There are 2 protein chains.
Amino acid sequence: MADSSRRNPSKPRISMKEIARRAGVAPMTVSRALADPDKVSPDTRARVLAVIEREGFIRNQIASAMSSTPSRRRMLGTMVPPLINSGIAEQVQGMSDACHEAGYQLLLIQGAFDPEAEEKAIRALLGWQPAGLILQAFVTSDSARHLLAAGEVAVVEISEIRGHEPIDMAVGVSNFDTAYAMTRHLIGKGYRRIGFASTPVHGNDRLQQRRIGYRQALVDHGHVYPGGLEIEVPITAQGGAAALVALSARDPELDVLFCSSDTLAIGAVQECHRRGWKIPGRMAIAGYGDMDLAAELYPRLTTLRIPRYQMGRRAVEQMLRRLKGEPELPRIVPMEFEIVERESA
Amino acid sequence: MADSSRRNPSKPRISMKEIARRAGVAPMTVSRALADPDKVSPDTRARVLAVIEREGFIRNQIASAMSSTPSRRRMLGTMVPPLINSGIAEQVQGMSDACHEAGYQLLLIQGAFDPEAEEKAIRALLGWQPAGLILQAFVTSDSARHLLAAGEVAVVEISEIRGHEPIDMAVGVSNFDTAYAMTRHLIGKGYRRIGFASTPVHGNDRLQQRRIGYRQALVDHGHVYPGGLEIEVPITAQGGAAALVALSARDPELDVLFCSSDTLAIGAVQECHRRGWKIPGRMAIAGYGDMDLAAELYPRLTTLRIPRYQMGRRAVEQMLRRLKGEPELPRIVPMEFEIVERESA
DNA sequence: CTGTTAGCGCGTTCAA
DNA sequence: TTGAACGCGCTAACAG
């Protein structure tokens, strides 16, 4: 069993006061040597830092946060969607890297599907007095938006940026533009019957925008399919397979399926294998998201890349610039995206 | 531009003292109503909680943490590997869920490949005075292990549990057992020439254990391949394809490839498609990890499932039990695993 | 069951 | 450039 007696959780670590004593200065000088090195003479600073190094001093961030002014606190809170997928993980990684480079820490909380739990999550985050909040889940509950709109804390949303009024600031892509671009690309490649498979769009503005982008591109290029070639399926590869089955039954001339996520696209590709359909000879498939696997499939998947890692970084950078009080800061930061053309379409 | 003037980060939120005043009690009573409800009479409690609810009070966790005894602090620190993959994301999700159910928050930091940065990351975590640490990256640096072994804080490692002396506590599987089980399974299915593809094992005890498990199972069942059927490749699907190419050239009678990760296995499957090899007729493939996609590929992948979500939860539960001072707590918690037999092998 | 006192370890503010 | 006093908001410890 765990020999907890050997461990000594109550032993206090060495404090700033003690460092000060050993360096022969006042605690305040140690604090300054760490926070505003310029305000301390070079040799005092050197002496203090030497002691800190030697003793392995770790500053108590809790005490620090308690006495600091809000914008100097070195913690950012983040809420991520209740289902972590690899795309979100990349974003978190970008945020994490940017945070740590700047000496910030990331307090992570998972959002929830229901508004009440979501508000609870935001309150939990706020309890830790973060310098700012980065939200990656769509904030649905009115009271949550209200809470944040009160302006106690800076907020960056990573979200759809078209037709979305940010609570404070927003970083993201226009999903309309992305889907429009991909659809136009497929039209340009000569496909005549372009299907669109998505997971349920209700309550998801990103998917709504993608579908509208798809439709608009068709209209703008004179493609009209009586009855439509759209379908909603569950967010699994099996859903993608089902979409292919259903749409190609609805229209035997379907020659390409544009999927609103790579997961669906992968399922559609597998379904083609099962049927012995050549890709892209008999059927072409386009995805969305550029998961790692998209490049490894056979055939390799044509898809749309959103720079998720960079988006995470950018969100943190935006926050830090705000905290530094930078003027003329844009509220909305659009990110670039890219169509990745491979073999599948 | 961001209208930061409208936002008011300095407006202090309502405090416990103020709640106390409005409820007609002492601040301490409010504190108790929140932390130890039993120590307050039912109607005082009701009155206090009503005011809290009405005013939307959010307790300042920073102040709370500063004055609480360490084991009562409601934050756990966690270090995750520098590359977040979906498996890790699942673990984080399990940890996150377990934390939030218990009213804890998760402070997330990414580890690093070099020991110095790793130690720095741990120090950063410790600075926030977490009640405990959950480490998902293998802690390599001696000084980091030293820092933690000093016992200031409870530690749960999510790691290999065979031949690994935990810093404090550990949760995980025996990678030896998992690979042994899969190899034996393949032998039982009648395969004669079993290849083993892994990413470089050097410095990775989990992979080392898997390879040893594979070898031991062969030996125990009288399988001997002069020259061996092992190969190390990069951790990409392309690596898996390369492994298949190389090993089947080395031994044309190779009839199954056991890959140390699903990513490799997926690459190997795609390579078979390219060659027109039937799976599992001409070649069988087994993976490790049971990624989401394993069940969606064609053919569906036979693989080994490690309950990552549960592992994350279990790690947090272990920590909380320790913090509650539970006696007779085992130091090492082995997790179950499962061979998932599908079509590919 | 409730209240009072003291102090957690820093950073802010002001004085030297 | 450095230091001293004070307080952040809460909880431990003790008293009533």
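Proteins get letters first, then strands, A, B, ... in listed order; numbering begins at 1 in each. Remember, predicted model here, so these are calculated numbers, not experimental data.
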Participant: In residues 45-57 of chain A, which residues come under 4.0 Å of DNA chain C by heavy atom?
Facilitator: A:Phe57
Participant: What's B:Arg32 touching, base or sugar-phosphate or nothing? Going by heavy atoms closer than 4.0 Å.
Facilitator: base
Participant: Looking at every strand, decide which applies to A:Arg72 at a 4.0 Å heavy-atom threshold: base, sugar-phosphate, or nothing.
Facilitator: sugar-phosphate
Participant: Both A:Pro42 and A:Pro27 contact DNA chain D. Taking the nearest nucleotide for each, which residue is further toward the 5' end?
Facilitator: A:Pro42
Participant: Is A:Arg72 salt-bridged to A:Asp36, going by a charged N under 4.0 Å from an acidic O?
Facilitator: yes
Participant: Would you call A:Phe57 and A:Leu34 a side-chain contact if the rule is heavy atoms closer than 4.5 Å?
Facilitator: yes
Participant: Run the salt bridge (charged side-chain N to carboxylate O under 4.0 Å, His left out) test against B:Asp38 and tell me which residues pass, sequence neighbours left out.
Facilitator: none
Participant: Any salt bridge between B:Arg321 and B:Glu326, counting N to O under 4.0 Å?
Facilitator: yes
Participant: First and last nucleotide of DNA chain C in contact with chain B, 5' to 3', at under 4.0 Å to a heavy atom: what are they?
Facilitator: C:dC1 to C:dG9
Participant: Less than 4.0 Å between a side-chain N and a carboxylate O, is that true for B:Arg313 and B:Glu101?
Facilitator: yes
Participant: Decide whether B:Glu119 and B:Ser141 meet the rule of one side-chain donor and one side-chain acceptor closer than 3.5 Å.
Facilitator: no
Participant: Tell me whether B:Arg322 is salt-bridged to B:Glu317, with the criterion being a basic N under 4.0 Å from an acidic carboxylate O.
Facilitator: no
Participant: Does either side chain, that of A:Gln61 or that of A:Arg73, offer a donor lying less than 3.5 Å from an acceptor on the other one?
Facilitator: no
Participant: What does A:Ala26 touch in the nucleic acid at a heavy-atom separation under 4.0 angstrom: a base, only the sugar-phosphate, or nothing?
Facilitator: sugar-phosphate
Participant: Does any part of the side chain of A:Ile161, heavy atoms only, come nearer than 4.5 Å to the side chain of A:Val333, both counted from C-beta?
Facilitator: no
Participant: Given that B:Asp43 and A:Ala65 both sit by DNA chain C, which one's nearest nucleotide is further toward the 5' end?
Facilitator: B:Asp43
Participant: At how many degrees, to 10°, do the end axes of the helix from C:dC1-D:dG16 to C:dA16-D:dT1 meet when each uses five pairs?
Facilitator: 30°
Participant: Checking side-chain polar atoms at under 3.5 Å, does A:Gln93 have a donor or acceptor matched by the opposite partner on A:Arg308?
Facilitator: no
Participant: Under 4.0 Å from a heavy atom of chain A: give me the 5'-most and 3'-most nucleotides of DNA chain D that qualify.
Facilitator: D:dT1 to D:dG9
Participant: State whether B:Glu18 and B:Arg22 are salt-bridged, where the test is any N-O pair (Lys NZ or Arg NE/NH1/NH2 against Asp/Glu carboxylate O) under 4.0 Å.
Facilitator: yes
Participant: Contact class for B:Met28 (heavy atom, under 4.0 Å): base, sugar-phosphate, or nothing?
Facilitator: base
Participant: Between A:Ala63 and B:Val40, just flag the one whose closest nucleotide in DNA chain C comes earlier from the 5' side.
Facilitator: B:Val40
Participant: Does a salt bridge link B:Arg331 with B:Glu165, judged by any charged N lying under 4.0 Å from a carboxylate O?
Facilitator: yes
Participant: Tell me, please, which residues at least two apart from B:His164 pass ring-ring contact (aromatic ring centres under 6.0 Å, His included).
Facilitator: B:Phe138
